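All values reported here derive from a predicted model rather than from experimental measurement.
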Amino acid sequence: MKKALPYIITIAIVIFAIWLVFLPSKVSSIPKESILFVGEGCPHCKIVEDFISANGVDKKVQFSTKEVWHDQDNALLMTKIWNQCGLNPQTGMGVPLYWDGISCYSGQEEIINYFKTKI
């Protein structure tokens, strides 16, 4: 047992070091701020954007808008958030998608209903 103790301690230290290196990057890769993901030319996104403009949602709810069809970094971020929310990628990821920092709201109706509760 005395001979195995240094190996056990070494393995524990290595596992802890790996955890310290990789856990913070995984946690910080998904932002806590609210984001509306849209696609350029998406008719459902336009309906949401028109609702936001007509009702002054952007003056009452703080969020950023990210276009995903022509921006690969934004598409990658949306994929991470999509997976974080447990949405089914088999049905196809789509826009509009709203991330409030905790939960996802997918589709124009869900997003508009969410914004109605905030204005």
Side-chain angles (χ1 to χ4, degrees):
M1 182 69 181
K2 288 182 182 180
K3 291 181 181 181
L5 189 59
Y7 295 110
I8 293 171
I9 291 172
T10 303
I11 290 172
I13 290 171
V14 169
I15 290 171
F16 182 72
I18 291 171
W19 177 78
L20 283 177
V21 169
F22 290 107
L23 181 67
S25 66
K26 181 174 173 114
V27 170
S28 65
S29 67
I30 298 189
K32 292 294 180 190
E33 75 266 6
S34 299
I35 304 169
L36 174 63
F37 293 98
V38 297
E40 185 178 317
C42 162
H44 302 286
C45 301
K46 173 121 175 64
I47 291 169
V48 171
E49 290 170 330
D50 289 347
F51 177 85
I52 290 168
S53 294
N55 294 282
V57 173
D58 52 343
K59 293 177 180 37
K60 300 171 187 168
V61 179
Q62 188 174 21
F63 63 92
S64 61
T65 302
K66 297 190 182 283
E67 199 286 328
V68 298
W69 289 354
H70 302 288
D71 188 313
Q72 209 156 4
D73 291 336
N74 290 343
L76 180 60
L77 176 60
M78 186 178 105
T79 301
K80 288 179 183 178
I81 289 173
W82 188 274
N83 291 331
Q84 172 77 19
C85 288
L87 297 172
N88 185 354
Q90 300 301 328
T91 59
M93 291 191 308
V95 288
L97 176 71
Y98 184 75
W99 165 250
D100 70 357
I102 300 169
S103 301
C104 289
Y105 301 86
S106 179
Q108 72 186 44
E109 289 182 32
E110 263 189 46
I111 295 169
I112 289 172
N113 287 337
Y114 172 82
F115 283 143
K116 284 180 181 178
T117 67
K118 301 296 179 187
I119 56 174

Note to self: If you apply the rule side-chain contact (heavy atoms from CB on, under 4.5 Å), what do you find for Ile111 with Phe51, and how did you get there?
What the structure shows: CA-CA 10 Å; Ile111 295 169; Phe51 177 85; over 6 Å; no
Notebook entry, point to check: So, does Trp99 use its side chain to make a donor-acceptor pair with the main chain of Phe37 at under 3.5 Å?
Noted result: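 No, Trp99 side chain to Phe37 backbone: no donor-acceptor pair under 3.5 Å.
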Next item on the list: Taking Ser53 for its side chain and Asp50 for its backbone only, find out whether a donor-acceptor pair lies under 3.5 Å.
Entry: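 Pair absent, no side-chain N/O of Ser53 close to backbone of Asp50.
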Rounded to the nearest 0.5 Å, what separates atom [atom1] in [X] from atom [atom2] in [Y]?
| X | Y | atom1 | atom2 | value |
| --- | --- | --- | --- | --- |
| Leu36 | Met78 | CG | CE | 11.0 Å |
| Gln62 | Asp100 | CD | CG | 13.0 Å |
| Thr65 | Tyr98 | OG1 | OH | 9.0 Å |
| Leu97 | Cys104 | CG | SG | 5.0 Å |
| Phe115 | Asp58 | CZ | CG | 9.0 Å |
| Thr79 | Asn74 | OG1 | CG | 10.5 Å |

Could you tell me which non-hydrogen atom of [X] sits nearest to which non-hydrogen atom of [Y], and how far apart they are?
| X | Y | result |
| --- | --- | --- |
| Cys42 | Trp69 | CB-CH2, 3.5 Å |
| Asn55 | Ile119 | CB-CD1, 3.9 Å |
| Ser103 | Cys85 | C-SG, 4.0 Å |
| Pro96 | Gln108 | CG-N, 3.9 Å |

Note to self: Does Ile35 form a side-chain contact (heavy atoms from CB on, under 4.5 Å) with Leu77? I'd like the steps, not just the answer.
What the structure shows: CA-CA 10 Å; Ile35 304 169; Leu77 176 60; 3.9 Å; yes
Next item on the list: May I ask you to check whether over 12 heavy atoms, not counting those of Gln72, lie within 6.0 Å of atom CD?
Entry: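 Open: at most 12 neighbouring heavy atoms sit under 6.0 Å from CD of Gln72.
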Check: Among Glu109, Lys116, Glu110, whose side-chain contact (heavy atoms from CB on, under 4.5 Å) with Ile112 holds?
Finding: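 Only match with Ile112 under side-chain contact (heavy atoms from CB on, under 4.5 Å): Lys116.
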Next item on the list: Evaluate side-chain contact (heavy atoms from CB on, under 4.5 Å) for Val68 paired with Met93, printing each intermediate quantity in order.
Entry: CA-CA 11 Å; Val68 298; Met93 291 191 308; over 6 Å; no
Item checked: Within-4.5 Å side-chain heavy-atom neighbours: Val38 and Val48 ->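 Of all side-chain heavy-atom pairs linking Val48 with Val38, none is under 4.5 Å.
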Notebook entry, point to check: Is it the case that one hydrophobic cluster holds both Tyr105 and Phe63, taking links as side-chain heavy atoms less than 4.5 Å apart, direct or via other members?
Noted result: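 Yes, Tyr105 and Phe63 fall within the same hydrophobic cluster.
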